[in-house]
Amino acid sequence: MKNNVQNEYDHLDIEKKWQKEWARKKVYKTEAPSTRSGQAKKKKCYVLDMFPYPSGLGLHVGHPKGYIGSDVFARMRRMQGFNVLHPMGYDAFGLPAEQYALEHNIAPQKAVIENVKTFERQLNKIGLSYDWDRKVNTTDPDFYRWTQWIFLKLFGSWYGSTGSPQATQKARPISELIKIFEKDGNQKVNSVSGKVQVFSASDWKAMDEKTKQDVLMKYRLAYEGYSEVNWCPVLGTVLANDEVVDSSKGLVSERGGFLVVKKEMRQWFLRITAYAPRLLAGLDTLDWSSHIKEIQRNWIGESHGLLFTAKVKDSDMVIETFNAHFQACYADTFFVIAPDHPMLPKLVEGVANETEILSKAREIVDKRAKFSEGEYREIDGIFTGRYVVDPLGNGDLPIWVASFALKDYGTGIVKCSAHDERDFAFAKKFNIKLKTVLLPTNEHLGKKVLNQEICFSDMVNGILTEPKELMGKIAGEATKDIIKYVTSRGFAKVHTTYKMRDAVFARQRYWGEPIPLRHDKDGIIHELREKDLPLKLPNVKSYVPTGTGESPLAGVSSWVKAGLETNTMPGWAGSSWYFLRYMDPKNKKAFADINAIKYWKNVDMYVGGQEHATGHLLYSRFWYKFMKDYGLVVTEEPFQTLRNQGMILGSDNRKMSKRWGNVINPDDIVKIYGADTLRVYEMFMGPFEASLPWSTDNIIGSRRFLEKVWKIKQKVIKKGKVDSKFEVLLYKTIKKISEDIEGFSFNTSISSMMILVNEMEKLESVRQSDFELFLKILSPFAPHITEELWKQLGHKSFLVLEKWPKVDSKKTQELEVKIVVQINGKVRASFDTHFGAREDEAVSGARALREVEKWLINKEIIKTVFVPNRLINFVTK
RNA sequence: GCCCGAGUGGUGGAAUUGGUAUACACGCAAGACUUAAAAUUUUGUGACCGCAAGGUCAUGUGGGUUCGAUUCCCACCUCGGGCACCA
């Protein structure tokens with residue numbers, strides 16, 4: 001085998017050799033922008049893969065699919081003369097590493113180092129063109145000091161306005177807010193949380209520090225609060241959502257099957273809701289799949305409606321309620337409040353059966369806690385004994401506690417009517433008085449039978465009977481009139497609300513970035529000074545949860561003594577901004593130099609799985625917009641173009657997993673077939689975004705293709721006659737590959753190169769210049785074999801740094817075309833003619849054919865359709 | 001329930017603005033090479049009728065627009081995804 005090595009395609013040898021060579025000569029090194037002007041000569045292109053977690057399990061063939069796609073793109077851009085930033089690094093904080101440390105009894109720090117090694121060894125075999133000099137790792141204190149630094153900025157900022165809430169808003173330092181409070185006069189400050197604080201400067205000055213802190217906490221972009229977590233008493237730990245499963249007993253832990261309950265716990269939150277309108281609007285400017293944009297739109301859940309303000313009878317309390325389907329607002333006969341609404345205790349204060357009401361509310365909340373979100377659907381509630389003075393003049397309306405009311409949506413209080421299925425069902429169960437103001441039209445009987453009663457819930461096609469001024473109008477058409485009617489009389493104002501909630505930014509775990517805050521003995525929270533960053537994670541003896549639900553840091557006495565925050569940051573902290581660090585990864589003075597940021601701006605091509613649609617891709621857009629407000633970055637969006645690779649499934653069509661025994665290790669494929677074959681095959685399998693099963697049968701086709709390329713080299717000649725037909729195909733292929741890579745249509749690029757290679761096989765000889773053009777366009781897909789052939793043709797340069805071929809439109813012009821002849825739209829024949837033949841030439845060409853005349857005997861042609869260079873269609877009577 | 005997306009040979013899939021449906025690849029069948037097998041290579045390969053020439057039917061189903069529909073419109077079926085007591 002070794003003796004005819006000259007003619008053998010020995011992928012192991014070739015791939016090892018060139019990987020070494022590329023690394024030695026640092027061919028993929030990114031050029032830094034010149035520091036003086038912030039502008040380099042070359043145009044930039046930032047191509048990025050989503051930040052991976054280096055798992056200890058190693059890779060399967062599905063993992064590199066996205067990396068190969070982005071690599072093909074990056075390689076073409078590099079050859080096209082762009083200064084390409086194509087880095088890789090690790091998001092190594094988080095649960096899996098901590099779990100691994102617990103199970104194997106080693107420090108997570110050590111586990112990460114090992115796992116990164118495995119990951120890189122596997123990745124490097126595939127021939128990806130990363131600039132490894134820019135590698136980052138979230139667990140490196142040099143990295144996470146900047147994560148902490150950004151957190152402090154968030155903590156020290158608020159997002160609001162003193163004027164109209166509709167005015168363009170930006171994050172501003174909290175010191176500005178304090179100045180507003182200190183100014184004289186009653187300050188009305190609109191915060192995003194919807195709470196409006198009204199107090200005078202002297203009120204503010206009279207407050208003690210703790211009260212001031214509590215006020216400011218309502219405005220901060222990073223704030224302390226409480227939220228429900230999955231608490232497992234037996235394990236003595238808080239569990240993430242994916243560690244909890246539904247069972248017949250209710251919620252249980254995935255490991256052990258122990259009961260899980262919801263428990264209120266102290267948390268840190270990021271006020272992402274402040275950015276909801278901008279996160280929504282920004283989507284229109286992005287080149288992302290409409291699918292992902294849709295998921296984000298749904299998640300943000302913008303809803304336009306009316307906000308009614310109403311007085312509680314016999315009290316100075318005022319309640320607000322949001323109504324998106326307000327067309328039938330004159331039918332409202334009762335209000336409901338969420339059982340866990342913070343206002344409820346005050347509302348029922350002094351009511352005869354106060355304790356009964358509160359215990360009923362408690363009962364509903366407890367019951368709901370046993371279900372996962374949305375599972376609890378029982379209709380339950382109790383009358384609060386309180387009434388609202390209806391702003392629309394329908395007298396006193398009762399307020400009920402209702403199981404279906406959610407405290408986190410709208411205002412947590414709902415104005416209810418007979419024209420809503422859910423309200424209707426509730427009213428029927430508790431015998432609450434109803435009223436109808438909509439009549440069904442004949443065509444639209446949007447009626448539902450509920451509890452043997454009829455509920456007309458079609459708010460679009462109903463005919464209004466109230467208010468009198470709008471009587472007879474179709475509700476859906478009268479929306480604007482109703483808004484005008486209600487707002488002009490001061491009953492309500494136009495309002496927009498969002499489904500999205502603030503993001504919990506804390507984990508009760510060890511393996512995450514420490515939160516750089518200090519609590520003093522008076523309960524006042526202090527920021528760490530910038531020069532004290534990074535706040536390093538302490539070494540601990542045990543990673544075992546404390547049993548109280550608190551992080552293991554709560555068991556470190558020096559940490560607790562110093563008053564340091566014991567929660568750590570969640571997994572998405574580092575991944576929300578890491579792409580900025582790649583721009584200037586070694587900078588000690590800043591997360592990145594401003595000139596580097598001005599040059600690289602944002603990510604041009606971002607590649608990763610679509611499972612991050614509502615997590616990472618939303619959080620990082622939020623951080624980025626925040627940073628934009630402070631002039632830390634220069635564009636509004638971090639990821640201009642996004643492509644999502646599909647999964648590679650096992651050959652049994654199931655997810656690749658140890659559990660099913662269907663895992664294919666890329667190391668094995670690289671060894672047997674080669675990295676180039678793996679790359680070509682993964683790109684050829686099907687559309688990039690599609691999830692497809694791995695097929696060991698099919699990979700042979702990609703290997704055969706590369707072997708054909710290898711063999712064709714033997715018939716390459718320095719100079720030869722130009723085969724004009726082949727030339728056209730070659731240039732058309734070059735054009736197609738360029739366009740296909742641009743559009744991530746890799747499967748069709750490969751197939752068109754296969755067609756070209758099949759043509760080359762038929763030729764006696766191939767001119768070297770033509771073969772070289774082909775090697776260039778194949779290079780992004782199969783960099784090793786093409787580099788080797790390039791060298792064998794006598795070149796000293798690196799093919800991966802060569803210029804991408806330009807396409808001259810003259811060269812792709814067909815000389816001869818086939819014209820299809822149709823009779824009444826059916827294909828009956830075809831003939832060859834010169835490119836650009838006129839209609840009359842085509843008609844005579846077609847009429848000369850026997851197969852055509854046969855169909856036209858005794859027929860009258862009433863119409864002729866001619867599509868140049870394509871077809872001619874005779875339409876007969 | 002609401003909102004997206006997709007249904008094409010035995011299989012993965014291709015088809016520009018409405019213009020030859022099934023490119024490319026796998027698999028399969030037959031032939032060549034071989035003692036034989038593998039590898040390689042040549043040819044064929046949507047279904048049905050036919051010795052053939054040729055014809056008919058086919059892109060989830062049913063309709064529509066058009067000279068012409070995988071592509072546009074309407075209804076339905078199936079699968080996948082997202083959201084889900086969201087006022």
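Below, read A as the first sequence line, B as the second, and so on, with proteins coming before strands; counting in each chain starts at 1.
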So what does A:Lys407 hit on the nucleic acid, given a heavy-atom distance under 4.0 Å: a base, only sugar-phosphate, or nothing?
nothing
Are A:Arg850 and A:Glu853 ion-paired here, with the side-chain N under 4.0 Å from a carboxylate O?
no
Does a distance-only test, which skips hydrogens and angles, find a donor-acceptor pair under 3.5 Å between the side chain of A:Asn298 and the base of B:rC83?
no
Ionic contact status for A:Lys762 with A:Glu759, cut-off 4.0 Å
yes
From the list A:Val875, A:Ile823, A:Leu856, side-chain contact (heavy atoms from CB on, under 4.5 Å) partner of A:Ile861 resolves to A:Leu856
Does B:rA36 have a Watson-Crick or wobble mate here (both distances under 3.5 Å), and if so which one?
none
Side-chain atoms of A:Gln822 come closest, of B:rG19, B:rA87, B:rA84, to B:rG19
Judged by nearest nucleotide, the residue sitting upstream toward the 5' end of RNA chain B, A:Gly701 or A:Val875, is A:Gly701
Are A:Gln296 and A:Trp288 close enough that some pair of their side-chain heavy atoms sits under 4.5 Å apart?
yes
Proximity to the side chain of A:Trp299 - top-ranked nucleotide from B:rU40, B:rC83, B:rC86
B:rC83
What nucleic acid atoms does A:Leu406 come within less than 4.0 Å of, heavy atoms only: base, sugar-phosphate, or nothing?
base
Opposite nucleotide pairing with B:rG50, Watson-Crick or G-U, both atom distances under 3.5 Å:
none
Given B:rA84, B:rG54, B:rA25, the nucleotide with the shortest approach to the side chain of A:Lys708:
B:rA25
Over all strands shown, is A:Arg828 touching base, sugar-phosphate only, or nothing at heavy-atom distances under 4.0 angstrom?
sugar-phosphate
Closer to the 5' end of RNA chain B via nearest nucleotide, is it A:Asn323 or A:Arg704?
A:Arg704
In whole angstroms, how far is the C1' atom of B:rG81 from the CG atom of A:Asn644?
13 Å
Counting any heavy atom closer than 4.0 Å, what does A:Ala613 reach on the DNA or RNA strands: base, sugar-phosphate only, or nothing?
nothing
Using whole Å, what does the distance between atom C1' of nucleotide B:rG12 and atom CD of A:Glu689 come to?
15 Å
With both distances kept under 3.5 Å, what pairs with B:rC76, Watson-Crick or G-U wobble?
B:rG60
Using a heavy-atom cut-off of under 4.0 Å over every strand shown, decide if A:Gly412 touches base, sugar-phosphate, or nothing.
base
Round to a whole Å and report the spacing from CG of A:Leu649 to P of B:rU11.
17 Å
By the Watson-Crick or G-U definition, both distances under 3.5 Å, B:rG19 is matched with B:rC67
Give a yes or no on whether a salt bridge exists between A:Glu707 and A:Arg704, defined as a side-chain N under 4.0 angstrom from a carboxylate O.
no
So which of A:Val865, A:Val867, A:Val821 actually passes side-chain contact (heavy atoms from CB on, under 4.5 Å) with A:Ile872?
A:Val821
Distance, P atom - from B:rG1 to B:rU8, rounded to whole angstrom:
26 Å
Can you tell me which nucleotide in B:rA84, B:rU56, B:rC26 comes closest to the side chain of A:Trp855?
B:rU56
Just the rounded figure in Å: distance from C1' of B:rC67 to CD1 of A:Ile823.
11 Å
If pairing requires Watson-Crick or G-U wobble contacts with both distances under 3.5 Å, which nucleotide is the partner of B:rC28?
B:rG44
Which whole-number value in Å describes the distance from A:Asp697 CG to B:rC26 P?
10 Å
Pairing partner of B:rC83, by Watson-Crick or G-U wobble and under 3.5 Å for both distances, is B:rG1
Contact class for A:Asn747 (heavy atom, under 4.0 Å): base, sugar-phosphate, or nothing?
sugar-phosphate
Please work out if A:Phe874 contacts a base, only the sugar-phosphate, or nothing of the nucleic acid, heavy-atom cut-off 4.0 Å.
nothing
Regarding A:Ser830, tell me which of base, sugar-phosphate or nothing describes its non-hydrogen contacts under 4.0 Å with the strands shown.
nothing
Selected nucleotide, minimal atom distance to A:Tyr409 side chain, candidates B:rG68, B:rC86, B:rC4:
B:rC86
Could you work out which one of B:rU16, B:rA87, B:rA15 sits closest to the side chain of A:Val414?
B:rA87
Out of B:rA25, B:rC57, B:rC83, whichever nucleotide has its closest atom nearest the side chain of A:Lys826
B:rC57
Among B:rA23, B:rG55, B:rC26, the one nearest any side-chain atom of A:Asn698 is B:rC26
With respect to the side chain of A:Asn873, which nucleotide from B:rU20, B:rG13, B:rG68 is positioned closest?
B:rG68
Name the nucleic acid region contacted by A:Pro687, choosing base, sugar-phosphate or nothing; use a 4.0 angstrom heavy-atom cut-off, strictly under.
sugar-phosphate
How is A:Val827 classified with respect to the nucleic acid when contacts are heavy atoms under 4.0 Å: base, sugar-phosphate, or nothing?
sugar-phosphate
By the 4.0 Å heavy-atom rule, please label A:Ile755 as base, sugar-phosphate, or nothing.
sugar-phosphate
Which nucleotide sits closest to the side chain of A:Glu294: B:rC3, B:rC86, B:rG19?
B:rC3
About how many Å separate CD of A:Glu682 and CZ of A:Phe746, when rounded to the nearest 0.5 Å?
12.0 Å
Taking 4.0 Å as the cut-off, does a side-chain nitrogen or oxygen of A:Arg422 come that near to OP1 or OP2 on B:rC85?
no
Separation of A:His325 atom NE2 from B:rC85 atom P, in whole Å?
14 Å
So what does A:Asn758 hit on the nucleic acid, given a heavy-atom distance under 4.0 Å: a base, only sugar-phosphate, or nothing?
sugar-phosphate
